[in-house]
Amino acid sequence: MIDKIKPKRMTSLQWKIYIGFGGMILLLISNGILGIYGLGNAMQSFDQYRDVEKTYNESLAIDRNVQELKRRVNQYINTGHSSNRDAVQVTYEKLQKQVSGLLSDVNDKEISESLIIMNSHLEGYFKNFTLATEERQLRTSLVQTSLPEQGQRVQVNLEKLEAQVHDSPQELSRHYLAALSAQRFFALAEKNALRYFAEPSTPFVDKTLSSLQDARSIIESIQAEALNSEKVLVNDLLSQLDEYERICLRAFQATRSYLYLVNVVMSGEASEFAYYSMQIKNIAESKRTEINQATIVHTQDIKNITTIAIIGALLIGLYYAWRLAYSVVQPITAMTETFRRLGAGETLITIPATDRNDEIGQMAIAADIFNKQNFVTKNLLQQSQTLSQELIQKTRELEMINSELDNFAYIASHDLKSPLRGIDQLAKWIQEDSAEELSEESCVNLNKLQGRIRTMETLLNDLLEYSRIGRMTGECEQTDTGAMLKEISELIDNPEKIQITIAPDMPVLNTFRTPLRHVFLNLITNAVKHHDHPETGEINIDYRELPDFYEFSVKDNGPGIDPKHHDRIFQMYQRVGNTTAEGSGMGLAIIKKQIETLGGTISVESAEKQNTIFHFTWSK
């Protein structure tokens, strides 16, 4: 019976330790408070610097996007491509979002005011860009479509007028010359208009309008003396000249408006928001420098205070350590050596310091108890070694028994198969040699004999496989269950073409491939063989993920299994449902043992004349 340590009154040694550790704790708390104070100030400065740094980086991003916006606008001005116009829209929205985001985050009044002004100029810039785009599109439509079409109409009617007056009486021959002059003036007007659109200049506008006026005057002179047959054409021609002049004037106006918006209004707005973008960047950079310098000064102050506190704590800690070493550490060192020897299994004659009236004395009493306990431990160790030797012997005997069972199963299977194959061969010879002499009933009996021989051979193979489960060889390998199931679906005997559906994204796992393939093959083959209406048969394979397993399910819409047979179907040589189907009744028993050997479970969910679902878990 081991003696119990009796509690003793708290002695001076405890008080010395408590006082020493209390002083150390106070020093740690003091240094911790200083550290927290300094860290808090440093974090505050860091937060301010981080905010300013964020503002500075965002201002740089805004400035880059301002330049990008101007570049995109210039590209559109130079090319007029719709892709460039869309790029301007995207850049503007991105820039506006950046300005709005920075305005909501920033706390500096000066930066906020600059952002508000910049945002207003940015909106004005894009609004004028939209107007300029509309004017450019209008100008393009007029110059490239409306004006050439109207010019073509005028030219056609001038040619008609020339043709009519060409064969006129002598007194109207001057009409022919006038028609030629009108054609010349109209061609000159078209030329000057095109020159203006290529190189906008006011003189080209004046020349265009002057040439149109000259052409109109000539046609009006023809109108005064024209025959009735010519007056309709002349009137149409004058109307078309007026329309041509109207289109020219609108195109000139759109061109001037576009150039004014681009070169004057948008240029001014761009300069304004570029100025404020630069101002925001400069303000943020100035504040960043200011906070950085203040942080350096504050950090140096914290460093000096912390250094003094650490040195003071170190000196006081050394003093407490010396006091504790003198009164506590040396005796404890002696007791540590004693416990080390006891822990190594030694049995000591005497235990030092058992006469002390303090905690070390209690430790000495405990050491004495350990010393006595060693005797008990040695006896237990000896008994444990004896049991271990017996366990090793039993393990060897079990290995020998398993080996003998394997050999027995193999020999029994092989020795039984040989006469079966001989009987099968004899039956074939009898059938071949005496086919004409044998009666129809004898032929049927021979066929039954051969069928039962094959059934017996299948039973022997399944029995051998069942006995070997649990002693698998080989290594795990990466197994794609989706590819495996697709391969099985293509290889199985499925004469009625029952539809097999495999869930997408089947898992890939590192496992023993052959047992898993055998489980799937057996369940799918059973669903096909025992289906009662294969023409509409369906087999669905799915899975769900659990923490340590995958749970697979094989579902069919066949005849179902009565719940009273759910346990029996997993037993050896037990069959339910279609008893005429091929098989030994060992399939489900084999895969159940395979699954359970690898740590999984299998169950069935079904009722008679309802769907059947086999669930089994497989370790990840």
Side-chain angles (χ1 to χ4, degrees), residues 68-93 96 122-161 182-216 219 233 235-270:
E68 177 67 11
L69 180 63
K70 292 167 68 176
R71 186 179 70 82
R72 294 289 188 181
V73 170
N74 289 334
Q75 284 182 343
Y76 177 73
I77 292 171
N78 293 331
T79 63
H81 291 166
S82 59
S83 60
N84 291 328
R85 184 182 69 246
D86 295 338
V88 171
Q89 173 77 23
V90 171
T91 307
Y92 165 72
E93 291 175 354
Q96 193 176 47
L122 181 63
E123 291 176 353
Y125 182 81
F126 187 74
K127 181 178 180 181
N128 289 318
F129 173 75
T130 303
L131 293 175
T133 301
E134 292 174 355
E135 291 298 320
R136 182 187 181 108
Q137 290 176 340
L138 177 59
R139 171 186 176 276
T140 302
S141 176
L142 292 174
V143 172
Q144 295 182 358
T145 305
S146 300
L147 201 60
E149 289 177 355
Q150 187 62 28
Q152 181 65 25
R153 295 189 190 99
V154 173
Q155 189 65 37
V156 169
N157 283 336
L158 283 173
E159 291 175 357
K160 287 181 179 179
L161 179 62
Q183 277 188 326
R184 185 174 67 256
F185 281 119
F186 181 73
L188 185 60
E190 283 187 314
K191 178 180 178 181
N192 287 320
L194 292 175
R195 292 182 64 186
Y196 174 80
F197 295 134
E199 184 180 352
S201 178
T202 303
F204 293 137
V205 175
D206 296 338
K207 291 178 180 180
T208 300
L209 297 177
S210 176
S211 297
L212 287 174
Q213 184 59 40
D214 291 339
R216 185 184 292 105
I219 294 172
L233 180 60
N235 290 335
D236 289 344
L237 189 55
L238 288 173
S239 298
Q240 291 171 356
L241 279 174
D242 291 340
E243 179 64 15
Y244 185 85
E245 182 178 3
R246 186 190 67 77
I247 295 173
C248 276
L249 289 174
R250 186 63 188 94
F252 294 154
Q253 181 185 4
T255 302
R256 289 174 178 172
S257 177
Y258 168 73
L259 293 176
Y260 174 75
L261 288 171
V262 169
N263 296 328
V264 178
V265 179
M266 289 178 62
S267 179
E269 293 286 357

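Just the heavy atoms: all of them, side chains too, but no hydrogens, waters or symmetry mates, feed the values below. Note that the coordinates shown come from a computational prediction; the quantities given were computed from them, not determined experimentally. All residue numbers refer to positions in the sequence shown, counting from 1.
Ring geometry for Phe252 versus Phe197: interplanar angle of 30 to 60°, hence tilted.
Between the side chain of Ser141 and the backbone N or O of Gln137, no donor-acceptor pair lies under 3.5 Å. Side-chain atoms of Thr133 come within 3.5 Å of backbone N or O of Phe129 as a donor-acceptor pair. Side-chain N or O atoms of Thr208 include one that pairs as donor or acceptor with a backbone N or O of Ala193 at under 3.5 Å.
A 4.5 Å side-chain heavy-atom check between Glu159 and Gln183 finds at least one atom pair inside the cut-off. Within the 4.5 Å cutoff, no side-chain heavy atoms of Leu194 are placed close to those of Leu147. No side-chain heavy atom of Val143 sits less than 4.5 Å from a side-chain heavy atom of Thr255. For the pair Leu138/Arg250, a side-chain contact is recorded, criterion being any heavy-atom separation below 4.5 Å from C-beta on. Counting heavy atoms from C-beta outward, Gln89 and Phe126 have side chains that approach closer than 4.5 Å. For the pair Leu142 and Ile247, the minimum side-chain heavy-atom distance is below 4.5 Å.
The distance from atom CZ of Phe186 to atom CG of Leu237, rounded to the nearest 0.5 Å, is 9.0 Å. Taking CG from Leu209 and CG from Leu249, the interatomic distance works out to 5.5 Å, rounded to the nearest 0.5 Å. To the nearest 0.5 Å, atoms OH (Tyr196) and CG (Asp206) are separated by 10.5 Å. With rounding to the nearest 0.5 angstrom, the CD atom of Gln152 is 11.0 Å from the CD atom of Gln240. Separating the OG atom in Ser211 from the CZ atom in Arg216 is a distance of 11.5 Å, to the nearest 0.5 Å.
Closest approach of Ser257 to Glu135, counting heavy atoms only: OG-CG, 3.5 Å. Contact detail for Leu212 and Tyr244: the closest heavy-atom pair is CD2-CD2, 3.8 Å. Nearest approach of Thr91 to Glu68, heavy atoms of both residues: CG2-CG, 3.9 Å.
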CA sep, side-chain torsions, deciding dist, call: Glu245, Leu241, side chain to side chain contact (heavy atoms under 4.5 Å, CB included):
CA-CA 6 Å; Glu245 182 178 3; Leu241 279 174; over 6 Å; no
Verify side chain to side chain contact (heavy atoms under 4.5 Å, CB included) between Ile219 and Leu158, making sure each step is shown before the conclusion.
CA-CA 9 Å; Ile219 294 172; Leu158 283 173; 4.0 Å; yes
Could you walk me through whether Gln253 and Arg139 pass side chain to side chain contact (heavy atoms under 4.5 Å, CB included), step by step?
CA-CA 9 Å; Gln253 181 185 4; Arg139 171 186 176 276; over 6 Å; no
Run the side chain to side chain contact (heavy atoms under 4.5 Å, CB included) check on Phe185 and Gln213 step by step: do they pass?
CA-CA 9 Å; Phe185 281 119; Gln213 184 59 40; over 6 Å; no
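A donor-acceptor contact closer than 3.5 angstrom links the side chains of Arg153 and Gln150.
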